[in-house]
Amino acid sequence: HNEYLSMKDEATEEESKHVLKLGYQCLAGSLIWVSRFAHKEIAQGISVACRVMSKPSYKAWDHLLQMVAWLRDHKHRGMRFTSDAMEHGLVATCDASNKADLKDSRCQYSYVIQWLGGTISNVSAKLTIAGYGSPANEYMAIRWAASKVRKFRNLIFELGYAEVIQKPTKVYCDNNTAIHWLKTGKITDGNQYLDLAYHQPREWEREGTILVLGIHTEGNVSDLGSKPCGSKEYGLFLDVLTGYSKWIIRHPRSTISFT
């Protein structure tokens, strides 16, 4: 379904009670675990479905059944990791939508962290605060991705694989303005209200643990988790997300571009 769910959806009490009786909460809870451990491609779908856990509609129920049908048809797929997929090392991408939930004005964000060609961490969730425009949403997404990268860098070091993290971990974003804010520290009306924690990646980049770079939207694997996607996006990213295809950056941007 190329649409969002929201508590602002007009579901009658009778409709919600019927959907709850069908087992909406049980099914949604089960799909969360499938999303976390095996089929990360449904992360955005189940995140959105959980927005209406207490008052689901028939539309929300259809969303869940579509995910069940997808899992049935792809039950033999999983997550692949290969020892020869080391060209990117430990790497992350992040993305954020600018379509706000009608209830609280917060937008969906996503990040994907990969190692050995497969995804080791993937989040699709609503931002904790409302952002003022797309750059702010993307800027906040960078922070969440970078903080998870630091967790894995520490874990990899403690496991004795320091050579994996000798260089800064690349965090890719497809919003030029958000990257510009991070690189320069520029304060504008678009970011001056953000809490201090959202500016942490500037410090982490200075100390050499991360390197934030630009990427074309059609190379951003996190696109699958930031909004409802169709066949085009699944064609571009599904195999990369699950480790069945190597991630190729088709439009690399080593510097900031404002064109």
Side-chain angles (χ1 to χ4, degrees), residues 4 6 8 43-44 47-48 51 90-114 121-154 168-229 233 249 251-259:
Y4 286 98
S6 171
K8 283 291 186 179
Q44 191 274 340
S47 172
V48 171
R51 295 183 186 183
L90 182 68
V91 65
T93 65
C94 60
D95 195 26
S97 165
N98 195 36
K99 186 172 183 179
D101 188 325
L102 296 177
K103 180 187 177 185
D104 55 23
S105 299
R106 291 182 288 166
C107 295
Q108 195 82 2
Y109 81 97
S110 175
Y111 63 74
V112 172
I113 300 175
Q114 293 195 315
S121 183
N122 170 220
V123 165
S124 176
K126 275 200 299 186
L127 291 164
T128 56
I129 64 172
Y132 180 54
S134 180
N137 294 329
E138 301 262 11
Y139 191 75
M140 289 188 281
I142 292 174
R143 190 270 169 192
W144 292 115
S147 65
K148 186 66 73 171
V149 162
R150 285 175 63 84
K151 167 196 168 179
F152 279 107
R153 286 179 63 91
N154 290 336
T169 299
K170 294 176 181 178
V171 179
Y172 288 94
C173 171
D174 60 13
N175 187 283
N176 285 323
T177 302
I179 297 172
H180 181 62
W181 289 348
L182 188 143
K183 300 289 187 182
T184 65
K186 182 178 181 180
I187 302 300
T188 73
D189 289 342
N191 66 21
Q192 62 186 1
Y193 59 89
L194 293 175
D195 293 336
L196 183 62
Y198 288 110
H199 302 286
Q200 287 176 305
R202 298 194 65 243
E203 180 176 293
W204 298 336
E205 188 170 80
R206 284 199 303 268
E207 72 181 25
T209 56
I210 67 167
L211 176 63
V212 178
L213 297 171
I215 192 172
H216 193 279
T217 298
E218 292 189 358
N220 192 347
V221 185
S222 296
D223 204 39
L224 276 185
S226 64
K227 62 179 183 292
C229 293
E233 291 82 8
I249 304 176
H251 308 282
R253 295 188 337 212
S254 58
T255 58
I256 301 172
S257 168
F258 294 98
T259 57

Shortest non-hydrogen pair, Ala178 vs Pro135, comes out as CB-O, 3.6 Å
With a 4.5 Å cut-off on side-chain heavy atoms, are Leu194 and Arg143 touching? no
Any donor-acceptor pair under 3.5 Å from Thr93 side chain to Tyr172 backbone: no
Determine yes or no for a side-chain-to-main-chain donor-acceptor pair under 3.5 angstrom, with Ser222 supplying the side chain and Val112 the backbone. yes
Between Arg106 and Asp104, does at least one N-O distance fall below 4.0 Å, as a salt bridge requires? yes
What verdict does the side-chain hydrogen bond (donor to acceptor under 3.5 Å, both in side chains) test give for Arg153 and Thr209, after you've listed the backbone C-alpha separation in whole Å, the side-chain angles of each residue and the deciding distance to 0.1 Å? CA-CA 8 Å; Arg153 286 179 63 91; Thr209 56; 5.0 Å; no
Quick one, Pro201 and Tyr139 - any side-chain contact, counting heavy atoms below 4.5 Å? no
Roughly how far, to the nearest 0.5 Å, is NZ of Lys186 from OG1 of Thr177? 8.5 Å
Output for pair (Trp181 CH2, His199 NE2), nearest 0.5 Å, gives 9.0 Å
Side-chain contact, heavy-atom cut-off 4.5 Å: Arg51 with Lys103? no
Side-chain donor-acceptor pair present, Thr128, Tyr198, cut-off under 3.5 Å: yes
For Trp144, is there any backbone N or O sitting under 3.5 Å from a side-chain donor or acceptor partner on Tyr109? no
Answer yes or no: is there a side-chain heavy-atom contact under 4.5 Å between Asp174 and His216? no
Value rounded to 0.5 Å, distance of CD1 in Ile210 from NZ in Lys170: 13.5 Å
Please answer whether the main-chain N or O of Cys107 pairs with a side-chain N or O of Asp101 as donor and acceptor at a distance below 3.5 Å. no
Would the distance check show the side chain of Asn220 and the main-chain N or O of Cys94 forming a donor-acceptor pair, the cut-off being under 3.5 Å? yes
If only atom types and distance count, is the side chain of Ser124 paired as donor or acceptor with the main-chain N or O of Ser226 below 3.5 Å? no
Determine whether a donor-acceptor pair (N or O, by modelled atom type, separation under 3.5 Å) exists between the side chain of Ser47 and the backbone of Ala43. no
Taking Asn191 for the side chain and Thr188 for the main chain, is one N or O donor matched with an acceptor at less than 3.5 Å? yes
Residue pair Trp204 / Pro168, side-chain heavy-atom distance below 4.5 Å: no
Could you give the distance from CG (Leu224) to CG (Asn122), rounded to the nearest 0.5 Å? 8.5 Å
In Å, rounded to the nearest 0.5 Å, how long is the span from CG of Asp223 to OG1 of Thr217? 6.5 Å
Test side-chain hydrogen bond (donor to acceptor under 3.5 Å, both in side chains) on Gln200 and Arg150 and set out the steps. CA-CA 11 Å; Gln200 287 176 305; Arg150 285 175 63 84; over 6 Å; no
Between Gly214 and Ile179, what is the shortest heavy-atom contact and its length? CA-CD1, 3.5 Å
Consider side-chain contact (heavy atoms from CB on, under 4.5 Å). Of Asp95, Ile249, Val221, Val171, which one does Ile215 pass it with? Ile249
Check: Asn137 and Asn175 side chains under 4.5 Å, non-hydrogen atoms: no
Which atom of Gly190 lies closest to which atom of Ala136, heavy atoms considered: O-CB, 3.6 Å
Pairwise distance NZ(Lys99) to NZ(Lys227) - rounded to 0.5 angstrom: 11.5 Å
Using a 6.0 Å cut-off, check whether atom OH of Tyr193 has over 12 heavy atoms from anything other than its own residue. yes
Over all atoms of both residues, closest heavy-atom pair of Phe152 and Ser121: CE1-CB, 3.5 Å
Could you tell me whether the side chain of Lys183 and the main chain of Val212 form a donor-acceptor pair under 3.5 Å? yes
